[in-house]
Amino acid sequence: MASQNVLTPQSEDFPRWYQDVVAKAEMADNGPVRGTMVIRPYGYAIWERIQAEIDARIKEAGAQNAYFPLFIPESYFSKEAQHIEGFSPELAVVTHAGGEKLAEPIVVRPTSETVIGEFMAKWIQSYRDLPLLLNQWANVVRWELRPRLFLRSSEFLWQEGHTAHASYEDASRYARRIHTDVYNDFLEKVLAVPTFLGIKPASERFAGAINSMTCEGMMRDGKALQMATSHELGQNFAKAFDIYFQNEQGQAELCHTTSWGASTRLVGGLIMAHGDDRGLVLPPRLAPTQAVVVAVRDEPEVNEACERIAAQLKGAGVRVLVDKGRGSFGRRLTDWEIKGVPVRIEVGPRDLAQGVVAMARRDSGAKVTLAIESLATQVPDLLEEIQGLMFEGALSFRDGLTRDVSSIPEAVEAAQDGFARLAWDLVGAEGEAVLRADAITVRCLQRADGTMPVSDDESGLICIVSKSY
RNA sequence: CGGGCUGUAGCGCAGCUUGGUAGCGCGCUGCGUUCGGGACGCAGAGGUCCCGGGUUCAAAUCCCGGCAGCCCGACCA
């Protein structure tokens, strides 16, 4: 019996395909309130892997984890003019509590610059207290008009870093370090998603920032997804919250702050960057389960052999799971494919008689026969090989759909199914408005050599434009 | 928040036009036969027909109002 399509094919209806994967891979469900999301164990396991990898990099960059409250006084938001203007449409506000109307409404945090600013002001006295490098893992609420599981939900999980520095240079250097050493390193090395690093044009900048940086990835339908962002906040929040320090000369100076975040949206990006018509395809370094040992039949000898093989693999550092042979074989294979497990090892009585197993890889679908004793050395190598190939594949896919163009009409044409790259001088604020009519936005600004500019004032910048999530 | 489409068993849907006993496929439970790419037989369980109101002898079906989902826009991690 041939395996049939369990999912809507990508080519037929990409958004439908996405929803099918989220449902059939048991990643998430809609919550009862519009825009909310229930993250199921498999989806959460993926998020935990993302967290672990990003958290380790954040700590490597010297920031410490802390936790600030969910509830923020509404008055805090009014302290930074652009911040309140940018966020007010998305705020959820608590007006009643304890059975009474509150004297001052409480905002459910959409981001924590304001509360953290308040405490930075309290904690920072001297230049010796700087830099102050904080991070928190938290949920935030931004009321969404058009929610989509993982990609845009009214409540989502994320990590938000907040730092204070003695100088513009130090703050800028640190925000850029986070952008490359934490986010981009994670995206390329673990998520196997190549990105365009750049700065946002003023129209797309974070409310209250002097500069926003982005990692833009391309999804399988050619649309862009902002996968992480870092902001240079200048002295805007320092002014609003009186974040001063005494310099070596004993004079009071305003701090320069940064903030940076990555969210559960990454799970959606992961699905759309690598998935195919058979479901998820997880990069091995990220996969909660890297290899599944599937018993062809539910027989004691077979199950025992599976356990032995799994123990060997575990000993070799592989995250492995055993699927004992309950239920139909084909059905179980399909389920593991939908879940994107990178390597599948099939063990049946015929194999055991010969001391071999069948090993299938999720990325290419190729199946080979291998000696059982070689698995502990071969599987880890194969996982690394798949990791590399997935990045290469995503890179060539993206580069194939990224075209250099020299006019806005050409950009519109190219952005129907991919990215267009053109001189920023040809676009500008007026060009952005024209592109917007076709649902195309400027994803980022780069220098001609692809590196990140200091600001959008630099001459000779190019921009990458596309449709986006 | 605008425009379009849709809410009936866990999932996908029919039934609604023309009001009159709530159905199908998949899945689920039990038993048996199977098992190397979504197996088969038999028996079974499972429903506030999204919610509230209205019309009617009678509403899944007609009317009004909500809520929720999907797609397309404007806003965003």
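Computed from a predicted structure; not experimentally measured. Per chain, numbering begins at 1; letters A, B, ... match sequence-line order.
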Determine all donor-acceptor pairs shorter than 3.5 Å in which one atom belongs to a side chain in residues 259-270 of chain A; sequence neighbours excluded.
from, atom 1, to, atom 2, distance (Å)
A:Ser259, OG, A:Glu113, OE2, 2.7
A:Trp260, NE1, A:Thr258, OG1, 3.1
A:Ser263, OG, A:Arg265, N, 3.0
A:Thr264, OG1, A:Leu157, N, 3.4
A:Thr264, OG1, A:Leu157, O, 3.3
A:Arg265, NE, A:Leu151, O, 3.0
A:Arg265, NH2, A:Leu151, O, 3.1

Can you list, pair by pair, the side-chain donor-acceptor contacts under 3.5 Å of residues 14-27 of chain A, counting residues two or more places apart and other chains?
from, atom 1, to, atom 2, distance (Å)
A:Trp17, NE1, A:Asp276, O, 2.9
A:Tyr18, OH, A:Leu149, O, 2.7
A:Asp20, OD2, A:Thr8, N, 2.8
A:Asp20, OD2, A:Thr8, OG1, 2.6
A:Lys24, NZ, A:Val6, O, 3.3
A:Glu26, OE1, A:Lys339, NZ, 3.1

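Base pairing annotation: B:A68 forms a Watson-Crick or G-U wobble pair with B:U6, both donor-acceptor distances under 3.5 Å. Base-pair partner of B:U61: not found among the strands shown (Watson-Crick or G-U wobble, both distances under 3.5 Å). The partner of B:C40, taking Watson-Crick or G-U wobble pairs whose two distances both stay under 3.5 Å, is B:G32. Under the Watson-Crick or G-U wobble criterion, with both distances below 3.5 Å, B:C1 is paired with B:G73. Pairing for B:A14 is absent, with no Watson-Crick or G-U wobble pair whose two atom distances lie under 3.5 Å.
In the interface, the side chain of A:Lys367 is paired with the base of B:G37 through a donor and an acceptor atom under 3.5 Å apart.
Rounded to whole Å, the C1' atom of B:G52 lies 47 Å from the corresponding atom of B:G41. Comparing the P positions of B:U61 and B:G54 gives an interatomic distance of 14 Å, to the nearest angstrom. Between the P atoms of B:A60 and B:U55, the separation comes to 16 Å (whole Å). Nucleotides B:C35 and B:A77, compared at atom C1', are 46 Å apart to the nearest Å. Here the separation of B:A43 from B:C51, taken at their C1' atoms, is 37 Å to the nearest Å. Atom C1' of B:C76 sits at a distance of 48 Å from the matching atom of B:U18, rounded to the whole Å. Here, B:A59 and B:C50 have their P atoms 15 Å apart, quoted to the whole Å.
The existence of a salt bridge linking A:Asp323 and A:Arg332 is confirmed by a sub-4.0 Å separation between a basic side-chain nitrogen and an acidic carboxylate oxygen. Electrostatic pairing of A:Lys189 and A:Glu53 does not count as a salt bridge here, judged by no charged N lying under 4.0 Å from a carboxylate O.
The aromatic ring centres of A:Phe237 and A:His162 sit 6.0 Å or more apart.
For the salt bridge (charged side-chain N to carboxylate O under 4.0 Å, His left out) test, residues two or more places apart in sequence or in another chain that qualify with A:Asp335 are A:Arg331. Every side-chain contact (heavy atoms from CB on, under 4.5 Å) that A:Glu301 has, sequence neighbours left out, goes to A:Glu299. Taking the salt bridge (charged side-chain N to carboxylate O under 4.0 Å, His left out) definition, one finds that A:Arg308 meets it with nothing, sequence neighbours left out. Listed by chain and number, the residues in a side-chain contact (heavy atoms from CB on, under 4.5 Å) with A:Ser153 are A:Met37, A:Phe156 (sequence neighbours excluded).
At the heavy-atom level, A:Asp298 lies nowhere under 4.0 Å from the strands shown.
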Give the B/S/- string for nucleotides 27-34 of chain B, one per nucleotide from 5' to 3', where a protein heavy atom under 4.0 Å of the base yields B, of only the sugar-phosphate yields S, and otherwise -. --------

Reading nucleotides 67-77 of chain B 5' to 3', which nucleotides get B (base under 4.0 Å from a protein heavy atom), which S (sugar-phosphate only), which -? -SSSSBBBSBB

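Listed by residue number, there are no residues of residues 280-288 of chain A with a heavy-atom contact under 4.0 Å to RNA chain B. Using a 4.0 Å cutoff on non-hydrogen atoms, the parts of residues 338-348 of chain A near RNA chain B are A:Arg344, A:Glu346, A:Gly348, ordered by number.
A distance-only check finds a donor-acceptor pair linking the side chain of A:Ser154 to the backbone of A:Glu144 [under 3.5 Å]. Using a distance-only test at 3.5 Å, with no hydrogens or angles considered, a donor-acceptor pair links the side chain of A:Tyr174 to the main chain of A:Ala61. Under the 3.5 Å distance criterion, the side-chain polar atoms of A:Arg361 are left unmatched by any main-chain donor or acceptor of A:Pro342.
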Could you list the protein-to-nucleotides 8-10 of chain B atom pairs, N/O on both sides, closer than 3.5 Å?
none

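Among residues at least two apart or in separate chains, salt bridge (Lys or Arg N to Asp or Glu O under 4.0 Å) pairs with a member in residues 210-235 of chain A are A:Arg176-A:Glu232, A:Lys200-A:Glu216, A:Glu216-A:Arg443.
Atom CD of A:Gln51 and atom CD1 of A:Ile58 lie 10.0 Å apart (nearest 0.5 Å).
The aromatic rings of A:Phe206 and A:His231 sit parallel, their planes meeting at an angle under 30°, below the 60° perpendicular limit.
A:Glu48 CD: more than 12 foreign heavy atoms inside a 6.0 Å radius. Heavy-atom neighbours of A:Gln416 CD from other residues, nucleotides or ligands within 6.0 Å: above the threshold of 12.
Distance A:Asp351 CG to B:C35 P: 16 Å, rounded to the nearest Å. Taking atom CG on A:Asp20 and atom C1' on B:C26, their separation rounds to 14 Å, with Å as the unit.
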